A.B. asks: 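Take this structure, written in structure tokens, and hold onto it; I'll ask about it next.
We number each residue from 1, following the sequence as shown. Keep in mind that what you see is a predicted model, and the values were worked out from it rather than measured. Read the numbers this way: they start at 1 and go in the same order the structure lists the ligands and their atoms.
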Amino acid sequence: MKDYSKYFNGPSLKEARSRGKEDIKHIENAFEIPPDMVNIGQGQFYHIKTYGCQANERDSETLAGILEMMGYQPTDDIHKANVVLLNTCAVRENAEEKVFGKIGYLKTVKKTNPNIIFGICGCMTQEEVVVNKILAKYPQVDMIFGTHNLHRLPQLLKSAMLEKEMVLEVWSKEGDVIENLPSHRASKTKAWVNIMYGCNKFCTYCIVPYTRGKERSRLKEEILDEVRQLVADGYQEITLLGQNVNSYGLDLDEDYSFANLLEDVAKTGIPRIRFTTSHPWDFTEAMADVIAKYDNIMPYIHLPVQSGNSEVLKTMGRKYTREQYLALFDMLKRKIPGVAITTDIIVGFPNETDEQFEHTLDVVRYCKYDNAFTFIFSARPGTPASRMHDSIDMETKRKRLAKLNKTWNDLALEKNKAYVGRTVTVLVDGLSKKNEKVYSGYTDTQKLVNFKGENIQPGDFVEVKITEAKSFSLDGVAV
Ligand code: SAH
Ligand code: SF4
Ligand code: F3S
């Protein structure tokens, strides 16, 4: 066995679990490019592959911005790239398997281009099992860094260029908010805006609190400045991001909540505002009132239920019961006219009985979600649920997933059918990825609409008459 002790900069889940009392520092000047790295990328290309959630999408925009500041240009062609980064996700085992597949493939890329610098970052690198595996088996990797030290990319790249050994820098414990990072946004119409980082909820199945550190909010001025700049740059939509946006501000001294922030963001006049994710636990009536009050806050809420059975919810550490969830659901439907609600559900949590699973189906039938993201439980190393004995076999779990999907799909189709004949406002993304003869975009309720029309540009708001409904999208014509 190789001695890894010299890699003192590796991750530790144990350290990542602790939540210290130290103050959160908001740092304006942590990012710098060493003088000899300023133009290092002139005439060269970078390629970033992003896995996982919007937090990673946004981080990749930051990484792109940093690389472009050093002169690199983007490329979709991995063979043309001089720097390749994989921004990884650890939330389920199959997400990790995909990444390892890609790392394997990069060995062949490196054979044809030995000078390529190949880096792995994102949530997987926060896990010691992953880092140890890469160190032991994947020498084609030049650089490993974590979710807390993206801003150190210029320094890490420099070390990777100079050193023969793999460069490893992963910080496990983080209490800082780093501001003033460059970014290259993926869209010119819709933008992600981080409002907070990390998670303190520690749902028993979930790795995110370990990979993203403790909850820490950005200062409201930083967020509002960013939004105002996006308005000035012509953006039509922003999505406020956090693992649990309802906790916004709880770590700051000011008496300023997510409802306050939402209201101030609405007042900037940006045409469309979304936010994700909101945990049912601390969703307040004040938030619902603000959403209902402002036309530019979209009537769309992602409200993960995870399970419809109170005992399972308790074991998951979700801190609400089935009844509390349904009461919240009813309150939102009552207060916000036409609100669309979507959800996340896990089936096959350790020892979930058939009856408990049926309770989840009951909730799905009651809520008739507009969309649902459904998963089979995946044991994540280091989490409490991964240590629970599990009596349910995979075959049963797969059957439950199929039944759940059929249930919500059928109901979503029914809901979508109610749109047929109606005219809706669509914010256009561009030509449809699947069919270049039609445009695509989203309604205020986040329904994907594919439609025919002429002289339409990305970023336009178009009135579309809906002609046909499917489970996952609507078809229509511009009017
Ligand atoms: N912060 C968000 C969730 C982020 S992870 C929230 O609490 O709503 C996105 C989804 O992945 C979760 O809602 C959950 O449904 C799913 N998920 C997380 N960990 C999982 C695991 N170990 N196995 C299966 N699904 C998981
Ligand atoms: Fe994971 Fe729960 Fe935090 Fe969401 S709230 S990121 S599911 S621990
Ligand atoms: Fe995955 Fe990390 Fe997001 S684990 S879901 S990329 S926070």
Side-chain angles (χ1 to χ4, degrees), residues 11 13 16-17 19 49-60 63 86-96 98-99 120-127 130 146-148 150 174 192 194-215 240-248 275-283 301-308 312-313 315-320 325 341-350 352 360 369 371-388 390 394 397 400-401 404:
L13 284 182
R17 194 181 305 136
R19 288 291 180 265
K49 171 92 181 128
T50 310
Y51 300 82
C53 69
Q54 296 94 335
N56 263 13
E57 298 282 347
R58 181 71 188 118
D59 283 351
S60 286
L63 295 166
L86 300 188
N87 194 5
T88 63
C89 171
V91 82
R92 282 170 293 275
E93 198 178 351
N94 56 8
E96 296 203 344
K98 271 192 229 159
V99 171
I120 317 257
C121 57
C123 287
M124 276 171 73
T125 65
Q126 297 291 139
E127 298 176 276
V130 169
T147 58
H148 301 306
L150 305 181
E174 195 43 58
W192 310 115
N194 283 317
I195 65 165
M196 57 186 302
Y197 305 99
C199 181
N200 287 350
K201 296 289 178 287
F202 287 100
C203 302
T204 56
Y205 51 81
C206 186
I207 191 82
V208 173
Y210 306 80
T211 65
R212 290 277 167 179
K214 75 174 175 185
E215 273 176 10
L240 305 175
L241 292 183
Q243 289 304 336
N244 174 24
V245 292
N246 318 6
S247 298
Y248 174 79
F275 54 88
T276 196
T277 303
S278 36
H279 190 299
W281 181 15
D282 41 16
F283 203 120
I301 296 168
H302 186 56
L303 197 69
V305 65
Q306 313 297 1
S307 163
V312 174
L313 286 168
T315 330
M316 286 178 163
R318 290 293 287 184
K319 301 189 171 66
Y320 53 84
Y325 181 90
I341 298 184
T342 60
T343 203
D344 291 346
I345 298 170
I346 297 176
V347 300
F349 189 75
E352 180 190 51
T360 297
Y369 292 107
N371 201 349
F373 301 88
T374 56
F375 312 102
I376 292 179
F377 166 77
S378 169
R380 306 317 298 133
T383 61
S386 72
R387 293 187 289 270
M388 292 175 192
D390 189 1
M394 199 34 115
K397 296 187 184 198
R400 285 182 190 165
L401 183 69
L404 171 65

A.B. asks: Can you tell me the protein heavy atom closest to atom 4 (Fe) of ligand 2 and the distance?
C.D. replies: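 Ranking protein heavy atoms by distance from atom 4 (Fe) of ligand 2, first comes Arg318 NH1, 4.3 Å.
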A.B. asks: How far is atom 4 (S) of ligand 3 from its nearest protein heavy atom, and which residue and atom is that?
C.D. replies: Ala90 N, 3.2 Å
A.B. asks: Check this for me: does any side-chain nitrogen of one of Arg19 and Glu215 sit under 4.0 Å from a carboxylate oxygen of the other?
C.D. replies: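 Glu215 and Arg19: not salt-bridged.
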A.B. asks: Can you pull out the closest protein heavy atom to atom 8 (S) of ligand 2? Residue, atom name and distance to 0.1 Å, please.
C.D. replies: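 Residue, atom and distance for the closest contact: Cys203 N, 3.3 Å.
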A.B. asks: Show which atoms of ligand 2 fall inside a sub-4.0 Å distance from at least one heavy-atom site of Gln243.
C.D. replies: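 Taking each heavy atom of Gln243 in turn, ligand 2 has 6 (S) under 4.0 Å.
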A.B. asks: Which residue and non-hydrogen atom of the protein lie closest to atom 1 (Fe) of ligand 2, and at what distance in Å?
C.D. replies: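 Going by distance alone, atom 1 (Fe) of ligand 2 is nearest to Cys206 SG, 2.3 Å.
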A.B. asks: Among all protein heavy atoms, pick out the one at the shortest distance from atom 7 (S) of ligand 2; state its residue, atom name and that distance to 0.1 Å.
C.D. replies: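 Residue, atom and distance for the closest contact: Tyr205 OH, 3.4 Å.
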A.B. asks: Identify all N/O pairs between ligand 1 and the protein with a separation under 3.5 Å and present them as a table of atom names and distances.
C.D. replies:
unit_1: ligand 1; atom_1: 1 (N); unit_2: Gln243; atom_2: O; d: 2.8
unit_1: ligand 1; atom_1: 1 (N); unit_2: Gln243; atom_2: OE1; d: 2.9
unit_1: ligand 1; atom_1: 7 (O); unit_2: Arg318; atom_2: NH1; d: 3.4
unit_1: ligand 1; atom_1: 11 (O); unit_2: Arg92; atom_2: NH1; d: 3.0
unit_1: ligand 1; atom_1: 13 (O); unit_2: Gln306; atom_2: NE2; d: 2.7
unit_1: ligand 1; atom_1: 13 (O); unit_2: Asp344; atom_2: OD2; d: 2.6
unit_1: ligand 1; atom_1: 15 (O); unit_2: Gln306; atom_2: OE1; d: 2.7
unit_1: ligand 1; atom_1: 17 (N); unit_2: Arg92; atom_2: NH1; d: 3.4
unit_1: ligand 1; atom_1: 22 (N); unit_2: Tyr205; atom_2: O; d: 3.0
unit_1: ligand 1; atom_1: 22 (N); unit_2: Ser378; atom_2: O; d: 2.7
unit_1: ligand 1; atom_1: 23 (N); unit_2: Ser378; atom_2: N; d: 2.9
unit_1: ligand 1; atom_1: 25 (N); unit_2: Arg92; atom_2: NH1; d: 3.4

A.B. asks: Do me a favour and list the nearest non-hydrogen protein atom to atom 3 (Fe) of ligand 2 with residue, atom name and distance?
C.D. replies: Cys199 SG, 2.3 Å
A.B. asks: Write out the residue and atom name of the closest protein heavy atom to atom 3 (Fe) of ligand 3, then the distance separating them to 0.1 Å.
C.D. replies: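 The closest one turns out to be Cys53 SG, 2.3 Å.
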A.B. asks: Can you report which non-hydrogen protein atom sits closest to atom 2 (Fe) of ligand 3, along with the distance?
C.D. replies: Cys123 SG, 2.2 Å
A.B. asks: Which atoms of ligand 2 sit under 4.0 Å from any heavy atom of Val208?
C.D. replies: 6 (S)
A.B. asks: With heavy-atom distances below 4.0 Å as the criterion, list the atoms of ligand 3 near Gln243.
C.D. replies: 7 (S)
A.B. asks: Quick one: do the Asn371 and His302 side chains pair a donor with an acceptor below 3.5 Å?
C.D. replies: no
A.B. asks: Give the residue and atom name of whichever protein heavy atom lies nearest to atom 1 (Fe) of ligand 3, and the separation in Å to one decimal.
C.D. replies: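 Heavy-atom neighbour on the protein nearest atom 1 (Fe) of ligand 3: Cys89 SG, 2.4 Å.
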A.B. asks: Can you list the ligand 2 atoms lying under 4.0 Å from a non-hydrogen atom of His279?
C.D. replies: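 Taking each heavy atom of His279 in turn, ligand 2 has 5 (S) under 4.0 Å.
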A.B. asks: If the cut-off is 4.0 Å to any non-hydrogen atom of Pro209, which atoms of ligand 2 fall inside it?
C.D. replies: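 This gives 8 (S) as the contact atoms.
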A.B. asks: Could you tell me, atom by atom, which parts of ligand 3 come under 4.0 Å of a heavy atom of Asn56?
C.D. replies: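 Close to Asn56: 6 (S).
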A.B. asks: Heavy-atom distances under 4.0 Å are what count here, so tell me which part of Pro304 touches ligand 2: side chain, backbone, both or neither.
C.D. replies: neither
